[in-house]
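Index from 1, following the sequence. Since we're looking at a predicted model, the values are computed, not measured. Order of appearance sets the numbers: ligands from 1, and atoms from 1 within every ligand.
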Amino acid sequence: MAQPRFRSAVSPLRRSFTAAATVPAGLPASLPASLPSVEARVADLRPAEPMHCIRPAVLRATARHFVSGFAAALGGDVLYAVKCNPDPAFLRQLWKGGVRHFDCASPAEIRVVRQMFPDAAIHYMHPVKNRAAIRQAYGEYGVRDFSLDCGEELDKLLAETGNAGDLGLFIRLAMPKGTAAMDLSGKFGAERETAAALLRRARGIGARVGLCFHVGSQMLDPAAYERALALAGEVIAAAGVAIDVLDVGGGFPVAYPDMDPPDLSLYFEAIRRGVDRLALPAGTRIWCEPGRALVAAGGSVVVQVERRRGRELFINDGAYGSLSDAGVPGFRFPCRLVRPAGDSAAALTAFSFWGPTCDSADRMQGPFLLPDDIREGDWIEIGQLGAYGATLRTAFNGFDQARLVEVSDGPLLETAGHGIAARLPASAG
Ligand SMILES: *Cc1c(COP(=O)(O)O)cnc(C)c1O
């Protein structure tokens with residue numbers, strides 16, 4: 001975009017988009033040479049509000065690499081989990097990177113994807129849906145695939161679609177408590193026997209049926225997918241019916257300063273092994289639903305230091321803003337000083353952050369490594385925030401202004417096997 005635009009915490013999902021306005025036809029796949037760096041943006045704008053930086057080239061490269069890798073390993077389809085970041089600017093780059101399937105969980109997510117990409121394949125993979133949402137998804141937006149984890153939800157789907165004969169029905173399996181940084185077990189999923197009974201019933205109703213699961217977000221152990229696939233195999237055997245699709249969900253991790261996940265290819269190999277053991281009939285499709293892995297590296301936020309108190313920095317974004325995961329979940333994000341007046345030669349020191357609200361819970365423990373001479377007025381770029389970052393912010397205490405700019409930089413932190421290192425210039429500074 002030519003001009004940085006301001007935006008408030010009002011979700012992009014509440015705005016309206018037309019295909020013409022958001023997906024200009026014939027845009028070159030390569031980056032315009034004129035896109036500035038983060039440094040240049042800061043020097044130019046001296047932003048007093050958080051400045052969200054989108055890295056279009058990183059997003060496209062990451063998506064291309066993931067989509068082609070999953071196709072090569074499994075012949076499978078990649079569904080982007082929209083909740084991770086529904087910003088149209090991000091969705092547009094993923095589309096350019098080859099993502100054609102979208103895992104949506106609400107009518108608003110479905111609407112933004114359908115408005116931007118009339119040809120997208122949209123899958124409604126939330127196992128508990130409002131009846132009105134089902135009617136809207138099926139009737140207005142042409143969605144056919146739905147996940148469920150109980151018989152009541154199947155009844156609901158049938159009632160609200162007029163006993164449609166063209167449904168894709170996906171049984172969500174319960175996962176044992178895993179080793180993911182963010183455990184998702186306990187809220188959704190049918191246990192083995194329930195799942196088998198549901199699958200049998202769905203087979204008699206659906207145009208296509210499948211199993212799906214989520215091993216937990218930021219899953220650091222590729223073998224978790226093999227274990228989940230073994231469980232899927234037990235359900236298929238117990239049901240005694242064939243499935244059309246096996247959806248291995250999200251959970252693919254990215255690097256953070258204290259987390260160095262295995263190479264992405266090892267995840268695809270683990271899934272390959274797990275799928276091979278099931279000896280599924282030829283033609284069974286394999287899907288996955290990455291969120292974090294597709295968008296984390298493509299977004300960062302530049303914040304300004306408002307006060308220094310020893311090793312504590314008061315900054316203008318926080319746990320109620322786009323740094324939610326740095327709050328209670330205690331994620332450490334990669335950081336760097338951005339000081340247009342001249343870089344610092346000081347040694348790196350561990351800092352903690354306070355957010356801008358008056359709530360003492362608005363605290364980010366870190367540690368965040370920054371030059372020892374950091375001071376009031378400096379800017380800090382915080383990386384790996386394209387996933388579960390800006391999308392989680394609130395308007396609490398009036399700190400809801402931010403701007404979005406496109407930048408040419410590479411990611412602040414590279415994740416093994418994500419295929420971006422070789423294609424981009426290293427990030428400056
Ligand atoms: C959140 C979510 C995802 C994405 O998870 P990541 O850990 O970000 O990859 C995928 N599928 C479902 C059903 C989800 O709820």
Arg201 with Asp155: basic N within carboxylate O range, under 4.0 Å: yes
Ser217 and Arg292 side chains, donor-acceptor separation under 3.5 Å: yes
Close-contact set for ligand 1 against His214 heavy atoms, below 4.0 Å: 2 (C), 3 (C), 4 (C), 5 (O), 6 (P), 7 (O), 10 (C), 11 (N), 12 (C), 14 (C)
Subset of ligand 1 atoms that lie under 4.0 Å from at least one heavy atom of Gly250: 9 (O), 10 (C)
Aromatic ring proximity, centroids under 6.0 angstrom, Trp287 and Phe170: yes
Positive for side chain to side chain donor-acceptor pair (under 3.5 Å) with Tyr320, one of Asp359, Asp362, Asp400: Asp359
Distance-only N or O hit between ligand 1 and Met125, under 3.5 Å: no
Proximal ligand 1 atoms for Ala81, defined as those under 4.0 Å from one of its heavy atoms: 3 (C), 4 (C), 10 (C)
4.0 Å heavy-atom contact, Pro290 with ligand 1: yes
Side chain to side chain contact (heavy atoms under 4.5 Å, CB included) evaluation trace for Thr391 with Lys83: CA-CA 8 Å; Thr391 193; Lys83 76 160 186 284; over 6 Å; no
For Ser217, the ligand 1 atoms whose distance to one of its heavy atoms is below 4.0 Å: 6 (P), 7 (O), 8 (O)
Axial cation check for Tyr124 ring with Lys129, 6.0 Å and 45° limits: yes
Subset of ligand 1 atoms that lie under 4.0 Å from at least one heavy atom of Lys83: 1 (C), 2 (C), 3 (C), 14 (C), 15 (O)
Atom pair CG (Leu413) and CZ (Phe333), whose distance is rounded to the nearest 0.5 Å: 11.0 Å
Arg172, portion touching ligand 1 at heavy-atom distance under 4.0 Å: side chain
Residue-ligand contact Gly251/ligand 1, heavy atom below 4.0 Å: yes
Ligand-residue contact atoms, ligand 1 with Arg292, heavy atoms, under 4.0 Å: 6 (P), 8 (O), 9 (O)
Charged N-O contact under 4.0 Å between Arg92 and Asp87: no
Atoms in ligand 1 flagged as close to Tyr388, the criterion being non-hydrogen separation under 4.0 Å: 1 (C), 4 (C), 5 (O), 6 (P), 8 (O)
Sub-4.0 Å atoms of ligand 1 with respect to non-hydrogen atoms of Gly291: 4 (C), 6 (P), 8 (O), 9 (O)
